[in-house]
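Below is one structure; the comments refer to it alone.
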Amino acid sequence: MSKKTIVKNGRIVTAVDDYHADLLIEDGTIAMIARSIDVDADRVIDAKGRLVLPGGIDPHTHMELPFGGTSASDDFETGTHAAAHGGTTTIIDFAVQSKGQTLQEAVDVWHKKADGKTSIDYGFHLICTDIPDSRLPEMRSMIDQGVSSFKLFMAYPGVFLVDDATIYKAMLMAGENGGLICMHAENGVVIDAIVKRALTEGKTAPKYHALTRPTKAEAEGVHRAIALAEIANTAVYIVHLSCNDSLEEVTRARDMGVPAYAETCPQYLFLDYSVYEQPGFEGAKYVMTPPIREKWNQEKLWRGLQFNDLQVVSTDHCPFCFKEQKELGLNDFSKIPNGGPGVEHRMSLVYNGGVAQGRISLNRFVEITSTNAARIFGLFPKKGTIAVGSDADLVIFDPEEEMTISAATHHMRVDYSCYEGMRVKGVTKTVLSRGDVVIDEGEYVGRKGHGSFLKRGLAFSPR
Ligand SMILES: [Zn+2]
């Protein structure tokens with residue numbers, strides 16, 4: 001006997017549709033969509049007055065990432081539990097190749113971290129730190145295994161940084177095999193020089209993390225990443241784009257028909273530089289890379305989302321506790337682990353700032369929180385939409401309810417929130433992952449190990 005669930009009376013919204021209908025889910029996928037469905041089912045969920053959305057896809061998380069002598073505080077269990085609470089049903093996490101490791105070894109380590117732990121589905125990108133010519137062909141085998149995107153760093157010399165020739169060769173290899181290069185675009189060599197100089201001048205407070213990473217250093221990286229992709233005749237995806245200087249580079253390239261894609265993150269849409277000017281060590285909570293920028297950049301980024309120069313909102317979820325972890329940099333901002341929590345609140349934040357405040361349409365909201373990530377990273381139409389045959393990853397969302405974001409009530413394993421006290425409209429009520437209820441009216445009823453690894457298809461360019 002197959003398992004049947006019906007979602008009744010909802011307003012179904014995808015990147016292109018908006019209508020009232022019932023949904024029949026059979027064995028984890030959507031079997032039927034009709035004005036009214038009355039069949040015997042194991043469960044009937046009433047979605048009256050609510051939106052029924054494709055599950056959120058967060059293509060940028062770092063569960064259990066080792067960084068700066070410590071590790072991100074969420075693992076795949078706690079991190080996916082928190083993601084589900086916020087209406088995200090798929091994450092794509094970054095596996096990391098250490099120097100000397102083969103690409104296979106790196107991915108195997110990440111499989112071990114995630115296997116049997118997650119309550120929602122997950123995929124991997126692979127951060128490559130060591131790819132001499134002899135190792136480049138391994139990328140092909142990664143793509144065959146469903147790890148069809150790779151992240152390279154222009155920042156963090158000595159740790160993650162790879163040189164321009166390596167980036168170019170990796171782009172060629174990815175492009176020829178249906179893979180995609182994701183770029184951390186920042187001129188890390190110059191930033192390192194600025195950081196060293198600040199430290200010798202006794203500038204050690206958290207705010208100097210931001211003041212030593214100028215927007216031009218990011219924009220230069222974005223420009224160079226796009227130029228290298230043009231030379232290699234392939235697409236490029238810029239991760240965590242934070243400021244207008246960088247956005248202008250992407251916009252200019254796209255206007256010329258270059259397949260350049262970019263994501264931004266809620267922290268760049270909702271926070272501004274003043275977070276670093278708080279008393280004491282508070283600013284350490286916002287030490288992430290790129291840093292939070294001056295406020296005027298926010299409306300520019302929204303404009304980028306409105307006009308499709310930015311295609312995706314991800315979180316770059318990489319939490320470190322304020323106590324003990326962020327405190328590693330009490331006397332030296334350069335030793336503060338880089339990253340912040342975010343995976344839980346992306347959907348509500350973007351709904352509130354985007355749809356409730358009139359900046360974007362409901363369809364565009366779905367597109368930038370789910371559909372585009374699925375298209376770009378080879379998951380569409382299994383994920384990212386509501387259609388017959390697609391996975392029944394659904395979010396039943398109350399567009400009128402409000403909530404206050406707080407570390408006291410969130411589910412991420414971290415002792416602070418970047419949005420403490422912020423009131424948002426739009427709350428995830430019930431979440432289904434492949435037809436199974438993971439969140440039921442705000443209560444977690446999921447199961448560790450329900451989530452499975454997504455062998456992604458070839459990276460696909462949306463437009
Ligand atoms: Zn990241």
Side-chain angles (χ1 to χ4, degrees), residues 56-68 70-76 79-80 82-83 88 90-98 106-107 109-110 113-114 122-129 147 149-157 159-162 167 180-188 191 209-210 213 217-218 221-222 225 236-243 246 261-269 271 285-293 301 310-320 325-326 336-346 373 376-377 412 414 418:
I57 300 176
D58 187 343
H60 192 151
T61 69
H62 298 283
M63 304 304 172
E64 241 185 290
L65 174 77
F67 189 97
T70 185
S71 275
S73 58
D74 265 321
D75 59 20
F76 278 87
T80 59
T88 289
T90 298
I91 59 167
I92 309 178
D93 200 84
F94 287 90
V96 184
Q97 177 205 20
S98 319
V107 166
V109 168
W110 244 257
K113 282 184 203 253
Y122 61 96
F124 298 141
H125 314 277
L126 177 57
I127 292 174
C128 299
T129 62
V147 180
S149 44
F150 306 86
K151 185 180 180 187
L152 301 176
F153 282 78
M154 293 172 155
Y156 303 116
V159 186
F160 293 128
L161 181 141
V162 290
I167 293 169
L180 180 64
I181 298 295
C182 303
M183 190 63 68
H184 179 125
E186 262 193 326
N187 192 318
I191 286 168
H209 172 75
R213 305 186 96 90
E218 181 184 326
V222 171
V236 64
Y237 181 91
I238 309 294
V239 295
H240 52 47
L241 187 141
S242 75
C243 60
S246 300
Y261 304 102
E263 63 179 23
T264 189
C265 312
Q267 54 268 32
Y268 307 119
L269 295 167
L271 303 175
K285 293 176 177 175
Y286 307 91
V287 167
M288 49 189 79
T289 299
I292 311 295
R293 305 299 192 177
L301 297 177
L310 300 173
Q311 296 78 39
V312 173
V313 179
S314 70
T315 61
D316 197 6
H317 177 74
C318 190
F320 296 99
Q325 292 195 297
K326 290 288 187 181
I336 300 170
N338 284 198
V343 78
E344 186 168 347
H345 297 118
R346 182 180 65 119
I376 293 171
F377 293 111
M412 299 177 284
V414 62
C418 290

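Remember, it's 1-based here, ligands and their atoms both numbered in the order they're listed. Below, each value reflects all heavy atoms present in this structure, side chains not excepted, and no hydrogens, waters or symmetry copies.
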Inset, instruction - Answer with yes or no after comparing the ring centroid distance for H240 and H184 against a 6.0 Å cut-off, counting only values under it. - result: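 Yes, ring centres under 6.0 Å apart.
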Inset, instruction - Kindly say whether the aromatic ring centers of F67 and H62 come within a distance under 6.0 Å. - result: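 When the ring centroids of F67 and H62 are compared, they turn out to be at least 6.0 Å apart.
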Inset, instruction - Measure the shortest side-chain to side-chain distance between Y237 and V312 over non-hydrogen atoms and say whether it is less than 4.5 angstrom. - result: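 Side chain of Y237 against side chain of V312, heavy atoms only: contact under 4.5 Å found.
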Legend entry - Contact check, side chains of T315 and H345, non-hydrogen atoms, under 4.5 Å: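 No, their side chains stay 4.5 Å or more apart.
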Legend entry - Metal-centred angle, NE2 of H62 through the Zn ion (ligand 1) to OD1 of D316, rounded to 10 degrees: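 That angle works out to 90° after rounding to 10°.
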Legend entry - Metal proximity, H60 vs the Zn ion (ligand 1), N/O/S cut-off 2.8 Å: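 An N, O or S atom of H60 is closer than 2.8 Å to the Zn ion (ligand 1), so yes.
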Inset, instruction - Tell me whether H184 has at least one N, O or S atom under 2.8 Å from the Zn ion (ligand 1). - result: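 No - counting backbone and side chain alike, H184 has no N, O or S atom under 2.8 Å.
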